[in-house]
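Below is one structure, written out as structure tokens; the observations come after it.
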Amino acid sequence: MSTYKSDFLNVLADRGFIHQLSEPAALDALARSSTVTAYIGFDCTAPSLHVGSLLPIMLLYWLQQTGHRPIALMGGGTTRVGDPSGKDESRRLLTGEDIDNNLKGIRAIFAKFLKFESAGGNAVMANNADWLNTLNYIDFLREVGRHFSINRMLAFDSVKLRLDRQQELSFLEFNYMILQAYDFVELHRRHGCVLQMGGSDQWGNIVNGIDLGRRLSNAQLFALTSPLITTSSGAKMGKTAAGAVWLNADQMSPYDYWQYWRNTEDADVARFLKLFTVLPIPEIERLAALKGAEINEAKKVLATEATALVHGRAAAAEAAGTARTTFEEGGLSANLPTVEFSRAELKAGIGVLAAFVKAGLAASNGEARRAIANNALMVNDVRVANDKAAIGESDLTAEGVIKLSLGRKRHILLKPV
RNA sequence: GGGAGAGUGUCCCGAGUGGCAAAGGGGGCGGACUGUAAAUCCGCUGGCUUACGCCUUCGUAGGUUCGAGUCCUACCUCUCCCA
């Protein structure tokens, strides 16, 4: 067990959130004696956050749960620059409009994990566009730029990697770390923020902020990074066939989200329970002790708890129920993802290929055809052997729907309207 | 400004003698085995088509050729060396 004196660091350490920590003793003492204000920055590069961002969100969650004050910083300004950390190539520049739209989608997530002032809590939502967009170039260079040594910046991994590999690093991106450092100091000024957290790839950026804070305001600031989470087989978290695992319900249904966690690898279950659920540690240890096929029970708990955090308890229970009827009872659950189509179309008869494309299970007729050749498509749990087969009214089940399946795991209901 | 090199299947890496829908990986998907796991093995991985076949694809635009990813010209982008 951990040796910290503060709840905050103890909880994080016990749950496996801590990778690197600057001045652990000093931060520990501070967290014990006062309310610590800490922030994490989030890029606005997509209209929703995905599971990759879940870990930092959980950091903020535990921060607040242990009596401190979280700031969720939207990167409305820095996203206009682009963080080169951990990336081989520069990203395409997003328009201001894109960024604003993305920001709206992302904001909603945080309310589910943090209590903001509007909800009677102390969490703060900030946007660095508020201070970055209006910076005066010369003033900024004189005030902030003079504290940065190019010699040292060139040694940072995010920069060095690009240079070593002879990959282009634009001046624009090169400035990212300066802006992030400035964010830290600005949040210190505005909100008394003394700690920046983030993924392990952010260590360099965060330390820059600490240095800048010392030079500009003689402030003592801290850094805490979380480990890079990969699955046991080495894959990055959050990628599936359909792409990223989104947190917004309109981009990924609670059912699919539940399924994502249900399919966790055995070796990851305990670790993920600690990181992505709020179950007490003893309970997690009990689940982690399960062996063989019993681990499936732990996976279901993981799926339901993780889904409940993002989509609510009711949606999680529904997803669990849908999965139970579909997989364990071999039945047909009306709560499976549903695609509607016209009754007239059904009367006329729909080709299987068209039906699977419409349901989103195949991207093209050709793909559907190949799936049939692979023995992968089923209509109402009956294998499709012929790509010329048609689906008609006679295929409606007693429930009035038609179940399309790709493989054993992916099911869609066609519903006539 | 001068010189050298690179851009390939819109997920990535990467081979490519003028006959190419284009080798091989990785990733992904499906099948078998299982526990909705991992590992392993097998299949698939441009669009349309029952099919013959047609269409689109190798940085962009032209050209040579029966035929161009491959040869020529110009342009764009990137890298390296010299100034």
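Values in this document were obtained by computation on a predicted structure and should not be read as measured data. Here is how names work: the chains are called A, B, and so on, in the same order as the sequence lines, proteins then strands, and each is numbered from 1.
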Check every strand shown and say whether [X] touches a base, only sugar-phosphate, or nothing at a heavy-atom separation below 4.0 Å.
{"X": "A:T264", "result": "sugar-phosphate"}
{"X": "A:A373", "result": "nothing"}
{"X": "A:R262", "result": "base"}
{"X": "A:R324", "result": "nothing"}
{"X": "A:E328", "result": "nothing"}

Legend entry - Base of B:G35 paired with side chain of A:D266 (donor-acceptor, under 3.5 Å): yes

Inset, instruction - Check the pair A:V194, A:T37 against side chain to side chain contact (heavy atoms under 4.5 Å, CB included), reporting the backbone distance first and the verdict last. - result: CA-CA 6 Å; A:V194 294; A:T37 301; 5.6 Å; no

Legend entry - Residues in contact with RNA chain B, drawn from residues 348-367 of chain A - heavy-atom cutoff 4.0 Å: A:S364, A:N365, A:G366

Inset, instruction - For RNA chain B, find the residues of residues 379-394 of chain A with a heavy-atom distance under 4.0 Å and give them by number; none if there aren't any. - result: A:K388

Legend entry - Residue pairs fulfilling ring pair (Phe, Tyr, Trp, His ring centres under 6.0 Å) with at least one residue in residues 310-364 of chain A, sequence neighbours excluded: A:Y257-A:H311, A:F327-A:H411

Inset, instruction - Send over the distance from A:R410 CZ to B:G30 C1', rounded to a whole Å. - result: 10 Å

Legend entry - Below 4.0 Å: OP1/OP2 of B:G35 and any side-chain N or O of A:K300: no

